[in-house]
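Notes follow once the structure below has been shown.
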Amino acid sequence: MEVTVSNVTKEFARFPALNDVSLDIRSGELIALLGPSGSGKTTLLRLIAGLDQPTNGKILFGREDASHKSVQERNIGFVFQHYALFRHMTVADNIAFGLNVRPSSTRPPKAEIRKRVADLLEMVQLSGLEKRYPNQLSGGQRQRVALARAMAIEPRVLLLDEPFGALDAKVRKELRKWLREFHDRTGHTTVFVTHDQEEALELADRVVVMSQGKIEQVGSADDVYDKPGSPFVHRFIGEASELPVRVENGEVWLDDRTVGLKADGAAEGPSSLFFRPHDIEFLSGCGGCFDGVVVGSRRLAGARRLELELGGSQYRVEVDVPVDHPAALRSQINFRPKHWQLFSRSV
Amino acid sequence: MTSTTASTRWRLKEPSIIPGFGLTLGFSLAYLCLIILIPLAGLIFRASSLSASEFLSILTDERTLAALKISFGTALIAALINVVFGVLICWVLVRYDFPGRRLIDAMVDLPFALPTAVAGIALSALYAPKGWIGAWFTPFDIRIAYTPIGITIALIFIGLPFVVRTVQPVMEEIDREVEEAAATLGANRFQTVFKVLLPSLLPAIMTGFALAFARGVGEYGSVVFIAGNIPYVSEIAPLLIVIRLEEFNYAGATAIATIMLVISFAMLLIINLIQSWSRGRYGNG
Amino acid sequence: MADRATRFVNPVDERIGTKIVLTSIGGLYLAFFLFLPLVAVFIEAFRNGAASYWEALVEPDAAAAIRLTLLVAAIAVPLNLVFGVAAAWAIAKFEFKGKAFLITLIDLPFSISPVISGLVYVLLFGSHSVLGPILKSYGIEILFAVPGIVLATVFVTFPFVARELIPLMQDQGSGDEEAALSLGASGWQTFWYVTLPNIKWGLLYGVLLCNARAMGEFGAVSVVSGHIRGLTNTMPLHVEILYNEYNMAAAFAVASLLAALALVTLALKTLLEIRFGAGNAGGRH
């Protein structure tokens, strides 16, 4: 089932949470809504679900306009951040709930419901726990019960709000991998919300990066990491070093010197240069490169991160060097980014 | 509780740098014994001096049985009515915003604060055959005061805040996500309320019911005025204790009091069991 | 746009019509069972005009009842206040064996019929008891005298202060006290300057409820008082006597004072809740 979000705006008491957002979600796709808190990602998810009503715009399921449909009619599967399991019901009753509340004309017979519950429990690898209460399960198990419960109604779209947010780091990694496999097996159109870029990049077919109620960029993990569409995306995804530069005659200038980077096709004038701290090459001697003085050094897991001062002491950037690099404080380092991105500042 | 140190000898309290344990606990226990435990023990002692056959003959006396039946019957009906309307009132107070909500919320506690005798004479002024409300029913030959209906009305008054104040805080804690989850699974509002929300409130509702019921069984002041106190018809067990005392029939008073105490303690035990059971299963009370 | 807004049904809310119906049912129930009796007290009190109202209050027996009620509350409330603070200190600041059982015992008077609370003292100090005649030989009268009334009142209001303070002090933990002690404060200084300011609103809340019940207690006091006019009649007992003499206006006049006390208690309680979030709106009483 494709889902189309078309020019959707959502205001909460005059405060805009989403501002003219459009998005096409392809059938069978696993898509991540990624952004910091307050970026509108959960709002967008809730609008797709029908838990909230857009102030403006439309949401289509396939060709059909779902904007006026209630959440009950939309037939979506929603997994809540804190799972929202019914604590007075057993695992089996939780999963069967969506079937049991159907009117008798469309409700499957009892035996079929029981079989469906057993199948779903097997699918989420929790067979044998049907008689337990949510309180008697671990966080990861509750997560999977919530997923099975959402799947029981054979939803057209599966929506997950921070699905791993409440889990500890180890369980989170395991479940991430498991969810990817689960998606590949079932092929459901799936949208999940996360603030964890690693999670989004690893898991999703496409990542939707959001900020301040707007979509900044939509693309594959490679797209958003290697070709960030905006300064925000570059800063938010991966690490970024940033320098205020100038583009003149197709060359990048820092103050009064060129730094050896060709800026073909970039707009002339003041720009921001972005590069990844680890994605640089070191040079010896500097005829057109960055020339920095080491002012700080700290150990990362597999590298050493240096803080450099450039252009006297006007600018500071960070670069990564091998752990055995002999960079001492106040020593000079000449480098040039291997990949970089320019964003014009003359707007 | 074994201590973390190597020594595992029995100790009354865990070590603490805060002073005053001996003084405060000692005073508390002494006061508790003096005011509550010794007098209660006196009652038990008195009851135990009755022979079993004496005890049984008092309890199986028709008037005693009728009084117990009226006390427990009216308390049960009043508590059930209060559960239905008390939960509804909780819902309105917790979920809806309307002018005067705060005032109504405060009013719910009136039966806690209003002396029972005042409530008693006010209710009988309302429901007596010539009273404000009673007069409407007199033409239809329906009597409210001086019948079990009147007793039930007094117990509804007394019991309402127990239900509301027990259920209200738990209802305030309901996670909106749970309701939304039910809706995404296709449940309509009615199903969400009756299959998801109310069952999850059941332990609190049962506790509120038990508290209202226990209070109703023992209630005296608000009932005696409206009840009319006709033996076998509208005479409640606490009143029968008073009557036996006035007749200097201490054995009779003691026996009825003992059986009521036993039932009260059973109720208390049930309340505690409900709470620990629901904590064990659902994670909280 | 307006059209769409009205068509959207919030999945965790009811339709406006349902809301109005539920709110009306709850409002009517409260109006009928709580509000109407309260109004009845004041209207009946002024039925014969303000002059006879005033007369009913200054009449010597009524004045004596008012004085006795104030005296009883002035003894019972401070006693239970001291006990409440001591018990809460022991229970909240220390871990010791049998704590849960102690809390249950403190709650005990809540689940005992007021009549039985009075009865235990009759059995302890009555003429048939062991203690009664001995005390009498020394000229000490407990039953049918002020000490008995005080004891019965202390019994029924026993848990009020402790019940408010225990959960409050448990929530606050002992961190503040440990800090004060580590800074060199003595135990008493810690209590006065650190603990007391932390619990003062909860304490006031408990005292208010305790006082309301102490002044309004009817059943327990009725059993031990002997109903001697001008001597052992508290206000609620005086109301009963006037009522039974069909002196309705006077009965309701005295009752209206107690009702006013209840309203003041509720108002202060609500104010405390709004301003300081003290207490949890009642719990069980």
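Convention: sequence-line order gives letters A, B, ...; per-chain numbering from 1. Not measured: the values here are computed from a predicted model. Both backbone and side-chain heavy atoms feed into the values below; hydrogens, waters and symmetry mates do not.
The contact between R46(B) and chain C is made entirely by side chain atoms (from C-beta outward), counting heavy-atom distances below 4.5 Å. With a 4.5 angstrom heavy-atom cutoff, L131(C) does not touch chain B via any of its atoms. Contacts between L36(C) and chain B at a heavy-atom distance below 4.5 Å involve backbone atoms as well as side-chain atoms. In this structure, chain B has a heavy atom under 4.5 Å from the side chain of S222(C), while its backbone stays farther away. Heavy atoms of E95(C) lying under 4.5 Å from chain B belong to its backbone as well as its side chain. For a residue to count as touching a neighbouring chain, one of its non-hydrogen atoms must lie under 4.5 Å from one of that chain's; by this rule F248(B) does not touch chain C. For chain B, no part of F125(C) is nearby; none of its heavy atoms comes within less than 4.5 Å. Contacts between V217(B) and chain C at a heavy-atom distance below 4.5 Å are absent for every atom of the residue. With a 4.5 Å cut-off on non-hydrogen atoms, I91(C) does not touch chain B at all. Within the 4.5 angstrom heavy-atom criterion, atoms from both the backbone and the side chain of P114(C) approach chain B. Contact of L93(B) with chain C is not made at all, since no heavy-atom distance falls under 4.5 Å. Neither the backbone nor the side chain of A119(B) has a heavy atom closer than 4.5 Å to any heavy atom of chain C. For Y29(C), the part sitting under 4.5 Å from any heavy atom of chain B is the side chain, from C-beta outward, and nothing else. No part of R101(B) comes within reach of chain C, as not one of its non-hydrogen atoms sits under 4.5 angstrom from that chain. Both the backbone and the side chain of I35(B) come within less than 4.5 Å of a heavy atom of chain C. For F21(B), the parts lying near chain C are the backbone and the side chain together; criterion is any non-hydrogen pair under 4.5 Å. No part of V85(C) comes within reach of chain B, as not one of its non-hydrogen atoms sits under 4.5 angstrom from that chain. No part of I256(B) comes within reach of chain C, as not one of its non-hydrogen atoms sits under 4.5 angstrom from that chain. Both the backbone and the side chain of F32(C) come within contact range of chain B, each with at least one heavy atom under 4.5 Å from a heavy atom of that chain. Looking at L124(C), only its side chain comes within 4.5 Å of chain B, counting heavy atoms on both sides. Both the backbone and the side chain of L110(B) come within contact range of chain C, with heavy atoms under 4.5 Å apart. Residue L240(B): no heavy atom, backbone or side chain, is found under 4.5 Å from chain C. Of the two parts of L40(B), the backbone and the side chain both hold a non-hydrogen atom closer than 4.5 Å to a non-hydrogen atom of chain C. Of the two parts of F45(B), neither the backbone nor the side chain holds a non-hydrogen atom closer than 4.5 Å to a non-hydrogen atom of chain C. Both the backbone and the side chain of L258(C) come within contact range of chain B, judged by heavy atoms closer than 4.5 Å. When heavy atoms are compared at a cutoff of 4.5 Å, L29(B) approaches chain C solely by way of its side chain, counted from C-beta outward.
For the pair L126(B) and A40(C), the tightest heavy-atom approach, listed with the atom from each and the gap, is CD2-CB, 3.9 Å. Counting all heavy atoms, side chain and backbone alike, A113(B) lies closest to A262(C) at O-CB, 3.4 Å. Taking both residues in full, the closest heavy atoms of F218(C) and G221(B) are given as CD2-CA, 3.3 Å, listed atom of the first, atom of the second, then distance. Scanning both residues, Y220(B) and G219(C), for their nearest heavy atoms gives CD2-CA, 3.5 Å. In plain terms, the two heavy atoms of A259(C) and V118(B) that are nearest each other are CB-CG1, 4.4 Å. Of all the heavy atoms in S28(B) and A86(C), the pair that sits closest is OG-C, 3.5 Å.
Between chain B and the options G187(C), P37(C), G27(C), S127(C), heavy-atom pairs under 4.5 Å are most frequent for P37(C). Annotation: maximal heavy-atom pairing with chain C below 4.5 Å, among I133(B), L32(B), L114(B), occurs at L32(B). For the set L37(B), D105(B), V108(B), the count of heavy-atom pairs under 4.5 angstrom toward chain C peaks at V108(B). Between chain B and the residues S174(C), S111(C), A212(C), the largest count of heavy-atom pairs under 4.5 Å involves S111(C). Most heavy-atom pairs under 4.5 Å with chain C, from the set G120(B), S124(B), A182(B): that is S124(B). Your options are G26(B), P115(B), G22(B), G100(B), and the one with the most heavy-atom pairs under 4.5 Å with chain C is P115(B).
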Verdict with reasoning, I116(C) to M260(B), per side chain to side chain contact (heavy atoms under 4.5 Å, CB included): CA-CA 9 Å; I116(C) 298 178; M260(B) 289 184 67; 3.9 Å; yes
Chi angles and distances behind the side chain to side chain contact (heavy atoms under 4.5 Å, CB included) call for L30(C), L160(B): CA-CA 9 Å; L30(C) 290 173; L160(B) 182 67; 3.4 Å; yes
Steps toward side chain to side chain contact (heavy atoms under 4.5 Å, CB included) verdict (I241(B), V223(C)): CA-CA 9 Å; I241(B) 297 177; V223(C) 171; over 6 Å; no
Step-by-step side chain to side chain contact (heavy atoms under 4.5 Å, CB included) determination, V122(C) to Y250(B): CA-CA 9 Å; V122(C) 174; Y250(B) 290 117; 3.6 Å; yes
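Atom CZ of R15(C) is separated from atom CZ of R189(B) by 11.0 Å, given to the nearest 0.5 angstrom. In this structure, NZ on K99(C) lies 10.5 Å from CG on L25(B), to the nearest 0.5 angstrom. A distance of 15.5 Å separates CZ in F96(C) from CZ in R11(B), rounded to the nearest 0.5 Å. Atom CG of residue L123(C) and atom CG of residue L245(B) lie 7.0 Å apart, to the nearest 0.5 angstrom. Here the straight-line distance linking atom CG of L22(C) with atom CH2 of W91(B) works out to 9.0 Å at 0.5 Å rounding. Here the CD1-CG distance, from I36(B) to L108(C), works out to 7.0 Å after rounding to the nearest 0.5 Å.
Between the S16(B) side chain and the F94(C) main chain, no donor and acceptor come within less than 3.5 Å of each other.
With contacts defined as side-chain heavy-atom distances shorter than 4.5 Å, the pair P19(B)/L181(C) qualifies. Annotation: side chain of I121(B) is in contact with side chain of F252(C) (closest heavy-atom distance under 4.5 Å). By the 4.5 Å heavy-atom criterion applied to side chains, I274(C) and R102(B) are counted as neighbours. With contacts defined as side-chain heavy-atom distances shorter than 4.5 Å, the pair I18(B)/W89(C) qualifies. D109(B) is listed as a side-chain neighbour of K269(C), based on a closest heavy-atom distance under 4.5 Å.
Below 30°, between 30° and 60°, or above 60°: for F158(C) and Y31(B) the angle between ring planes is below 30°, a parallel geometry.
The six-membered or imidazole ring of F85(B) lies away from that of F33(C), with a centre-to-centre distance of 6.0 Å or more.
More than 12 heavy atoms of other residues, nucleotides or ligands shown are found within 6.0 angstrom of CZ on F42(C).
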